[in-house]
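This structure is a prediction, so every number in the text was calculated from the model and none was measured.
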Amino acid sequence: MRRLLAPLAAVVVLAAGCAPARTGTLGPAPVGASPTGGATATPRAPAPATTTPSRRPPPASPTTTVPVAPDGPDGGTITLQLWFVRDGKLAPTRRTLPATVATSRLALTELAAGPSRAEAAAGLTTRVPAGVQVVRIADGVAALAPPAGFDSGGTATARLRRAQVVWTLTQFPTVRRVAFTPTDGAPTGRDDYADLLPAIVVTGPSVGERVTSPVTVTGSAEVFEATVSVRVLAADGREVGTSFTTAACGSGCRGDYRATVGYRVAVTGPGTVEVYEVSARDGSRINVVSVPVVLVADR
């Protein structure tokens with residue numbers, strides 16, 4: 001039935017290339033974003049119970065552009081991809097900040113600061129404490145000096161914490177793996193935490209981003225028959241746009257996807273981009289990822 005609906009779908013741009021099984025190849029974060037994009041300079045949410053009291057390599061995905069390296073020059077802005085946690089899985093967001101020569105330090109600081117109020121309302125939390133420092137970056141490995149108690153909280157929590165750091169730092173082209181002590185003999189990369197990705201990852205748009213019609217939705221997925229569905233909801237929950245696309249890899253492997261969805265609203269205001277899989281068993285929406293955004297009205 002899904003194939004019969006294809007001619008009625010909005011224009012969909014398929015992502016290129018098929019990622020290897022369970023690699024989570026989401027690539028680096030974009031840079032030079034418009035000041036209106038993403039959740040920037042917004043108040044921080046109170047630290048959730050799962051955070052510490054001290055209060056988003058494989059080839060780049062076609063859905064993103066090459067970021068400023070950790071040794072990039074000062075001046076202008078940089079858009080970082082930060083990997084937080086939602087429902088026990090990794091979840092990316094983007095943040096545009098003043099550029100600095102120490103972008104790896106900036107990224108770790110933002111992870112420790114945690115989600116903005118809007119991001120927290122969307123379910124994002126952090127496990128990363130303040131005080132994690134990059135000692136050096138050499139031969140593609142970022143060696144860290146984590147604070148005391150960094151691996152506390154149990155195995156699952158510690159692993160999520162490490163995954164946040166690895167997936168965030170490896171957006172930079174000089175970092176492929178992370179060693180959690182300067183003498184760590186077994187640095188880890190994104191593949192080591194690919195099982196912590198949800199079935200559907202949305203890399204864009206980000207929470208709180210202003211979007212215009214048509215809105216481009218990007219990410220990666222491991223879903224039945226590689227089919228990813230998208231809809232746009234107005235503030236009152238009305239469906240104002242819908243589409244679907246096919247990820248670059250189907251069931252049993254993760255592939256990038258890219259969809260373009262048109263919508264119509266009369267007034268600029270809050271809305272939601274919802275990405276999901278249609279259940280092969282009963283047709284219900286499953287593995288839903290909801291991203292609150294600002295829908296710009298048609299002119």
Side-chain angles (χ1 to χ4, degrees), residues 19-20 22-33 38 56-74 76-85 90-113 126-147 150-151 158-197 201 203-204 206 219-220 254 256:
R22 304 203 65 83
T23 60
T25 55
L26 298 186
V31 297
R56 6 139 34 225
S61 163
T63 64
T64 56
T65 57
V66 178
V68 173
D71 297 325
D74 283 326
T77 61
I78 179 173
T79 299
L80 297 175
Q81 188 177 70
L82 303 174
W83 288 84
F84 289 122
V85 174
L90 293 170
T93 191
R94 291 180 300 197
R95 193 159 296 159
T96 300
L97 301 161
T100 172
V101 295
T103 49
S104 56
R105 180 188 304 170
L106 177 63
L108 291 173
T109 299
E110 289 296 307
L111 279 184
T126 189
R127 304 291 195 275
V128 178
V132 182
Q133 298 182 17
V134 176
V135 176
R136 65 176 179 273
I137 299 175
D139 299 324
V141 176
L144 305 185
F150 179 80
D151 283 327
R159 190 161 181 264
L160 265 173
R161 184 178 298 129
R162 288 184 172 227
Q164 280 188 257
V165 172
V166 168
W167 276 76
T168 296
L169 289 184
T170 52
Q171 73 187 281
F172 302 116
T174 55
V175 180
R176 298 189 302 275
R177 294 174 296 159
V178 176
F180 283 88
T181 67
T183 58
D184 192 344
T188 55
R190 288 190 169 194
D191 286 356
D192 295 290
Y193 304 98
D195 61 299
L196 293 178
L197 295 173
V201 171
T203 56
S206 295
S220 75
R254 178 171 294 273
D256 293 328

### Stepwise side-chain contact (heavy atoms from CB on, under 4.5 Å) test for Thr100 and Ile78
CA-CA 8 Å; Thr100 172; Ile78 179 173; 5.7 Å; no
### Message
Applying side-chain contact (heavy atoms from CB on, under 4.5 Å), can you list everything that pairs with Ala179, at least two apart in sequence or on another chain?
### Response
Val141, Asp184, Pro187
#### Entry: Ala158: partners by side-chain contact (heavy atoms from CB on, under 4.5 Å), with sequence neighbours left out
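Ala158: side-chain contact (heavy atoms from CB on, under 4.5 Å) contacts with Asp151, Arg161.
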Between [X] and [Y], does any side-chain donor sit less than 3.5 Å from a side-chain acceptor?
| X | Y | result |
| --- | --- | --- |
| Thr77 | Thr96 | no |
| Arg254 | Ser220 | yes |
| Gln81 | Thr168 | no |

### Message
Going by side chain to side chain donor-acceptor pair (under 3.5 Å), Arg159 matches just one of Thr188, Asp192, Asp195. Which one?
### Response
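Exactly one option meets the side chain to side chain donor-acceptor pair (under 3.5 Å) with Arg159, and it is Asp195.
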Flag side-chain contact, heavy atom, 4.5 Å: [X] against [Y]:
| X | Y | result |
| --- | --- | --- |
| Val166 | Leu169 | no |
| Leu97 | Glu110 | yes |
| Phe150 | Arg162 | yes |
| Leu108 | Gln133 | no |
| Val132 | Pro147 | yes |
| Leu80 | Gln171 | yes |
| Val201 | Leu90 | no |

### Summary
Contacts of Tyr193 meeting ring pair (Phe, Tyr, Trp, His ring centres under 6.0 Å) (sequence neighbours excluded), chain-then-number -> none
Nearest non-hydrogen partners of [X] and [Y], listed with the distance:
| X | Y | value |
| --- | --- | --- |
| Arg136 | Pro182 | NH2-O, 3.0 Å |
| Thr170 | Arg177 | CG2-N, 4.2 Å |
| Ile137 | Ser104 | CD1-OG, 4.4 Å |

### Query
Is it true that a side-chain atom of Thr126 and a backbone atom of Leu111 form a donor plus acceptor pair closer than 3.5 Å?
yes
### Task
May I ask you to decide if Ala163's main-chain N or O and Arg127's side chain share a donor-acceptor pair within less than 3.5 Å?
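Not at all, since once roles are kept as given, no pair shorter than 3.5 Å links the two residues.
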### Task
Check the pair Val165, Leu144 against side-chain contact (heavy atoms from CB on, under 4.5 Å), reporting the backbone distance first and the verdict last.
CA-CA 10 Å; Val165 172; Leu144 305 185; 3.6 Å; yes
